[in-house]
Amino acid sequence: MSDLLGVWRERVRAAAAGNEPLRIVGGRSKDFYGQQLVGSIFSTSAYSGIQDYDPTELVITARCGTPLEKIEHALAERGQMLAFEPPHFGADATLGGCIAAGLSGPRRPHGGAVRDHMLGVRILDGRGDELSFGGRVMKNVAGFDVSRLIAGSLGTLGIILDASLKCMPLPRAETTLAFELAVDDALRRINEWSALPLPLSASCWFRDRLYVRLSGAASAVSAAQHHLGGEETENAPTFWRAIREQQHAFFQVACSAPLWRLSVRSTAPYADLGSEQMIEWGGALRWICAAPDDSAKRLRSWAKEYGGHATLFRSADKSAGAFHALSPPLLALHQRLKAALDPAGIFNRHRMYTEF
Amino acid sequence: MKTETKQDPVIVAELVTRLSGDFGERAVTTHAVREHHSHGEGLADAALPDVVVFPHSNEEVASIVRLCHLARVPVIAFGVGTSLEGHVAALYGGVCVDLSQMNRVLEVNAEDLDCRVQAGVTREQLNAELKGTGLFFPIDPGANATIGGMAATRASGTNAVRYGTMRENVLGLTVVTADGRIVKTGGRARKSSAGYDLTRLFVGAEGTLGVITEIQLRLYGVPEAIQSAVCQFPDLASAVNTVIIAMQTGISVARIELLDEVQMEASIRYSKLEGFAVKPTLFFEFHGSQAGVREQSAAMQAASDEFGGSAYQWATKTEDRTRLWKARHDAYYAALAFKPGMTSFATDACVPISRLADCILETKADVEKSGLTAPILGHVGDGNFHLVVLFDGADPAQRESAEALAKGVSMRAISMGGTCTGEHGIGWHKLDVLAQEHGEAVDLMRMIKRALDPRDIMNPGKTVPL
C-alpha cells in the first residue's frame, strides 16, 4: 500500500507541474453530483481496506477506496453503525466518496452529518504531501479543524487517503409509525415532536403520509410510540433504504425531470413550487423535481427566503449551477483556501463551482 | 515572548488616535483596562494591547479591522477573558476588540430550535433569556464565557457526551475577515451551506482567521426528565472502567464526570458537600423521557456495581441536582482554594476511550512522583480529563516540575493516539505540543492562515503562528 501511495504522490506532483486536472473517483456512484467532471481519471479504489476497528473504541479507520458496504457490514457485525446513515447511490460507493460528497441520510437531523463524525483524516494535498489532521479521539481542539473542512469539499482540496469516523451502537429497538396528515399538519407536528425528548431518528412526508422512525432503548421507543399513536409500518428498513438510496417511487417515477434538493429551516411553510415534493429531516430537506430553466431562480429564492439554499442534485443540464452561488467575499475565501491546499488547482476542478 | 515584530510605535499611535476619534470613550488606553485585557485565566503571562475598543455592531468591528489591516497592526478579539492558554495575550501589542457590549440575543426561533446571538452574550445570559421558551443551550465550559469566545475556542463542557461541543452546535457565523469584510457562513438550514464548511474552520481558530461577531446556535428542548446520580469507587481504576463500559455499551448519558479523591476532598471542603467520602467519584446525569432516564440510570447503576461502586445516590430534586453540578462546575475554584496562594494551570489531555484508564493511572503515578498536588477531574465520557496542577509560582524548581508534569501528560496523550487538548485549545502555551501532535500538517494549517490572513494581524502568534 505504501508503494501505491508513492505512485500517487508522483502522479499528483507531475499533474501539478503539468497543470493537468485530475478527476478523483472511487466507485463512481456519485458522478451525477456536483457541477462538472473535469480531468484525467484518478481512481482511488485500489487503496482499500479497514485499517483499524476496535468496537470498544467506537471508531473505525479505513482507506478511501474501501467499499462503504464493507464498512457498514463490519460495523453491523459488532452491533454498530455510521449514525449519519450515508446514501450509497450504487453498490461500489467508497468511504472516500462518502466523505467528499458529505451527504447524509434520513438519520442526519438526529444523528448528525458526515462531518460531525469525522474525527480525523489523512490527505494527499496538491503538492503531493501526505498530511494528517485530527485523530481518533472524540474531542480535539488542537489547531484548525481541517478534517471537517475536507468533509463535503467534493475532493477539491485533496485526495482523502484514510479517515477515522465515530461509530454509534445500533439502537436496541426501532419502529416506524405512519400518520395520515396533509402537508401543513405534518410539518407542524414533526416540528413540535422534534422539540420533545422523543427518540426520533428519521421522518419523511410524501402524499399525505408522514412516516416517523423511532430508535433507541426499548422503553423509550415504546413510550414514544404510545405517546404519538400512528400506525406501525411494516418493512420499515426497506422503506428507509429506498428513501436514502432514492429508489422510492417519488424519485423513480416523478424524476424524469431534474431533481432539486432544498435545504431550509425545518419550519418553512409548504409552498407549491410547481410539482410534487418529498419532505425529510423534520421539514429541513425538501425534494422536488422541476425543469431547471424556469425553476432555478424560483427555487433558489424560495430556499433563501427560508434560511437555506437549493442544490440541483441530479440533472443532465447543470447550466443553472449545481450549487447556490457564493457571495463575492465568500467566493474569495473559497478560492484562497483552494489555493492553499491545491495551489495548481488540479483536484476536481469545477466540480463544486466553475470558478475553481 | 517575542516582541521583535511589533509594529512601529508611530504607526500604532496614529491608529490609536484614529480609533479614539472614531470611538470616543469606547477606545480605552488606560493601563488598568489594558492590563485587564492582557490575559485570560490560567497562567499569568500578560501582554498588553495598545488600546481596547468596545464596538457595538458588525460594521464597527469591520471598521476597526480595516484600519488594523491597513496599518498592519494586530487585532485580538476578547470576550470576558476566561480562556486558559494565553489566547488573548497581545503578544505583539495591537488593538483588543472587546465584544462584551455586543451582548444582544438577536433572535430566538423556538420552533426551529435555534437562535442568533451577538458574540458578547454569555452562556448564562443566553440560558436566562431562554427561560420560559422550553429550550436551553447545553454547552457549559467551567467559566461563564461568551458565546463568541466559546465558538472561537471550540469550547465544550460537561454535556458534550450527549449534545456535542461548539463544533456540532454552531449553525452559522458572522465573521469579520482579516481585510475587514463581513461574511456570513452557514445559515438556519440544518445542513451546512453551499460550498466549503467555513463555519467549522472559524470555530476553534482562536481568532486567528477572523473575528466572530454573531453566532447562530442550535438549541434543545429542556428534557422531560433529568436525573442525576453520584457513585463513589474504591479506586480510580474502577471509576474509569465504569465509564469505559458505559460508553462502550451505549448507555445514553448526558453527563459523566470524574473527580479523583484529591479533587473530592477539595470539593467537599469548598462546596460543603455532605455525605461523601474522600474517594474517586463519578457524577452522572441522564436526560430524556421519564421511562428513558429510569432505564439508562439503572443500566449505569448495574455497570457501577460491577466495579465495586458504592453509594449510588440519586438526585432527582432540582435543588439537590443544582448543588451537585454547582460543585462540579466550581471544582477548579475548589482546587485553587485547596492550596491557597498557589499558582495553577490545567492540563487537557483527551485519549481514545480504551486508553483512558491507562492514561489516567499513569498520570496519577506521575503526579505522585512529582510531589505536587494536582487533582484530577474530567469529562471522562469523551476521554478528556484535566489535572489542576498546583505549585508555588515563586519557586522555580516547583514551576519546572509543574511544567514537566503537564508536558508529560500531553505527550502521553499524543503517544496513545490522543490529543494534547480536548477543549482548552492551543493559544500560545501549547504551540510546541501542537507541532508534536500534527507534524507537517501544521505547515498546511499555516498555509490556510496565510491564505485567510496574509498580513498576519489576526491574533498573531497563536494557534498556528506564521
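The sequence lines fix the lettering, A, B, ..., with proteins before strands; numbering per chain opens at 1.
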Heavy-atom pair count under 4.5 Å with chain A, highest-scoring of S252(B), P352(B), A291(B): P352(B)

R188(A), part contacting chain B, at a heavy-atom distance under 4.5 Å: neither

Neighbour count >12 (heavy atoms, 6.0 Å) for atom CZ, R9(A): yes

Under 4.5 Å from a heavy atom of chain B, the part of S132(A) involved: backbone

Top of I448(B), T463(B), L434(B) for chain A proximity - count of heavy-atom pairs under 4.5 angstrom: I448(B)

Under 4.5 Å from a heavy atom of chain B, the part of E130(A) involved: backbone

Side chain, backbone, both or neither of A113(A) within contact of chain B (heavy atoms, under 4.5 Å): neither

Closest-packed option against chain B by number of heavy-atom pairs under 4.5 Å, given D54(A), T156(A), L119(A), V137(A): V137(A)

T208(B) and K462(B): side chain donor to acceptor below 3.5 Å: no

Pick from L157(A), I123(A), D125(A), L196(A) with the largest number of heavy-atom pairs that fall under 4.5 Å of chain B: L157(A)

Parallel, tilted or perpendicular: ring planes of H386(B) versus H379(B), cut at 30 and 60 degrees: perpendicular

ring-ring contact (aromatic ring centres under 6.0 Å, His included) assessment of F347(A) paired with F356(A): CA-CA 10 Å; F347(A) 293 135; F356(A) 57 88; over 10 Å; no

Pair R122(A) + E440(B): basic N to acidic O under 4.0 Å: no

Check: R162(B) side chain, H287(B) main-chain N or O, donor-acceptor pair, under 3.5 Å: yes

Distance-only donor-acceptor check, side chains Q35(A) and H350(A), under 3.5 Å: no

Pick from P329(A), A340(A), A142(A) with the largest number of heavy-atom pairs that fall under 4.5 Å of chain B: A142(A)

Engaged part of F202(B) at the chain A interface, taking heavy atoms whose separation is under 4.5 Å: side chain

Contact winner vs chain A - R154(B), K430(B), K184(B), heavy-atom pairs under 4.5 Å: R154(B)

Residue pair Q80(A) / Y53(A), side-chain donor-acceptor N/O under 3.5 Å: yes

Leading residue by heavy atom contact count with chain B [cutoff under 4.5 Å; candidates G135(A), A217(A), S104(A)]: A217(A)

Between E280(A) and W287(A): side-chain donor-acceptor atoms closer than 3.5 Å: yes

Proximity breakdown for D179(B) and chain A, heavy-atom pairs closer than 4.5 Å: side chain

Structural part of E224(B) lying under 4.5 Å from a heavy atom of chain A: both

Basic-acidic side-chain contact under 4.0 Å: K166(A), E57(A): no

Heavy-atom pair count under 4.5 Å with chain A, highest-scoring of T153(B), V203(B), L209(B): L209(B)

Residue E423(B) versus chain A: region with a heavy atom under 4.5 Å: both

Most contacts with chain A, counted as non-hydrogen pairs under 4.5 angstrom, among Q296(B), E111(B), R167(B): R167(B)

For chain B, the option from H334(A), H227(A), M138(A) that forms the most heavy-atom pairs under 4.5 Å: H334(A)

Side chain, backbone, both or neither of T177(B) within contact of chain A (heavy atoms, under 4.5 Å): side chain

N191(A) side chain to S266(A) side chain, donor-acceptor N/O pair below 3.5 angstrom: yes

Most chain B-contacting option - heavy-atom pairs closer than 4.5 Å, from A218(A), S219(A), P343(A): S219(A)

Per-residue contact mode, V146(A) against chain B (heavy atom under 4.5 angstrom): side chain

Which atoms of A322(A) approach chain B - backbone, side chain, both or neither, heavy atom under 4.5 Å: neither

Between S156(B) and T165(B), a side-chain donor and acceptor under 3.5 Å: no

Contact class of R172(A) relative to chain B, heavy atoms under 4.5 angstrom: side chain

Parallel, tilted or perpendicular: rings of Y163(B) and F136(B) (30°, 60°): perpendicular

Side-chain ion pair, D114(B) and R265(A), N-O less than 4.0 Å: no

Partner chain A: residue of V433(B), I244(B), L444(B), N384(B) with the largest heavy-atom pair count (under 4.5 Å): L444(B)

